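Just below is one structure, and these are the notes that go with it.
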Amino acid sequence: MGADPDGAPVGRRVVLGLLGLGALGVVTGATVQDGLSRFLAPIQMNDPTGLTSLVPLGNTWRYYSVTGAVEPRDAATYTLKVDGLVDHPSTYRLSDLEALPQLSFTDDFHCVTGWHVPDVPWTGVRVADLLERAAPTTDAVGVRFHSFDGTYSVNMTLDQARADDVVVALRMYGEPVTHDHGGPVRIYSGSMYGYKSTKWLSGIEVTDNDDPGYWESRGYPLDGIIDE
Ligand SMILES: Nc1nc2c(c(=O)[nH]1)N[C@H]1C(S)=C(S)[C@@H](COP(=O)(O)O)O[C@H]1N2
Ligand SMILES: [Mo]
């Protein structure tokens, strides 16, 4: 728990505020609560205690960032690099990504800490398509997703990254991915826990290994597959 600019501890006040809104959600119904949770969620960033996941908000988003506030990138100048062990490295602008075939599907989002959000509509470019265009070399075995937060990364085997439901997501709920959800562009890794879905995506690097990423090197399973 931190302190606000006036020096007052924020932890207790934030938790009590969330409890109040959680109760409001119960009496006013799911639609209002969904709206509230999107408005509310930025204050739930940086929750090293995991305490907010115990608050009875229902099935709503927690907006995570292991690095605190992330400097937003403008959609007009955003670029995504696909490089590493490939024959054809390239840099995509958002408009380049938009011009590629888009896959749309709806899926439940599961964080490994227990919360989930049902029926999230995603639209994006399959990582498999970007890898095919890049043409991995024969010694390529893994993929590392990099974030422009400067810290977060995710490992995957080449096969996992090529799964049908692993996308560079451009849209969420039919709208451009918001900054708090990792826009302009984030990964959505269907069939895997949320920590596999890199926010603020800056690069897809093809590698000769499956070395652990940020959470994987802190004890989360290497593959993150949801088995249920
Ligand atoms: N760059 C970055 N990506 C990230 C994270 C993060 O802290 N930083 N957290 C991961 C975890 S643990 C989860 S559950 C989801 C949460 O996505 P959301 O913040 O859109 O709810 O993002 C994943 N991607
Ligand atoms: Mo998570």
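Atoms within a ligand are numbered from 1 in the order they appear, just like the ligands themselves. Bear in mind the structure is a predicted one, so any value in this text is a computation, not a measurement. The figures that follow rest on heavy atoms only: side chains count, while hydrogens, waters and symmetry mates do not.
- S197 O, 2.9 Å is the protein heavy atom nearest to atom 24 (N) of ligand 1.
- Of all protein heavy atoms, the one lying nearest to atom 10 (C) of ligand 1 is Y152 OH, 3.4 Å.
- Considering only non-hydrogen protein atoms, atom 7 (O) of ligand 1 sits nearest to V66 N, 2.9 Å.
- An N or O contact shorter than 3.5 Å is missing between F109 and ligand 1 by distance.
- Linking Ile, Leu, Val, Met, Phe, Trp and Tyr whenever their side-chain heavy atoms come within less than 4.5 Å leaves I204 and V141 in two separate clusters.
- With hydrogens left out, the protein atom closest to atom 9 (N) of ligand 1 is Y64 CB, 3.7 Å, a heavy atom.
- Under 4.0 Å from ligand 1, the heavy atoms of D149 that appear belong solely to its side chain.
- Contact atoms of ligand 1 toward W61: 21 (O) (distance under 4.0 Å to a heavy atom of the residue).
- Ligand 1 has an N or O atom lying under 3.5 Å from an N or O atom of R186, backbone or side chain.
- In terms of protein heavy-atom proximity, atom 21 (O) of ligand 1 is closest to R62 O, 2.5 Å.
- When hydrogens are left out, the protein atom nearest atom 23 (C) of ligand 1 is G194 O, 3.2 Å; that is the closest non-hydrogen contact.
- One distance of note links CH2 of W122 with OG of S104; it measures 12.0 Å at 0.5 Å rounding.
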Pair W215-Y195, ring-ring contact (aromatic ring centres under 6.0 Å, His included): steps then yes or no:
CA-CA 7 Å; W215 281 123; Y195 68 90; 7.9 Å; no

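- Between H179 and W200, the angle of the ring planes lies from 30° to 60°, which puts this pair in the tilted group.
- Nearest protein heavy-atom contact of atom 19 (O) of ligand 1 is K199 NZ, 2.4 Å.
- For E216 and K196, the salt-bridge test passes: some basic side-chain N is under 4.0 Å from an acidic carboxylate O.
- Polar contact check, W115 against ligand 1: no nitrogen or oxygen pair lies under 3.5 Å apart.
- Donor-acceptor pairing under 3.5 Å is lacking for the side chains of D159 and T157.
- One distance of note links CD1 of I226 with CG of D108; it measures 8.5 Å at 0.5 Å rounding.
- Considering Y193, Y195, W215, W200 only, the shortest heavy-atom separation from atom 11 (C) of ligand 1 involves Y195.
- A donor-acceptor contact closer than 3.5 angstrom is absent between the side chains of D211 and N155.
- Distance CG/L94 to CD/E98: 4.0 Å, rounded to 0.5 Å.
- Both V70 and Y214 are assigned to one and the same hydrophobic cluster, defined by single-linkage of ILVMFWY side chains at heavy-atom distances under 4.5 Å.
- Under a 4.0 Å criterion applied to the non-hydrogen atoms of C111, ligand 1 contributes the atoms 14 (S).
- Near S147, meaning under 4.0 Å from one of its heavy atoms, ligand 1 places the atoms 1 (N).
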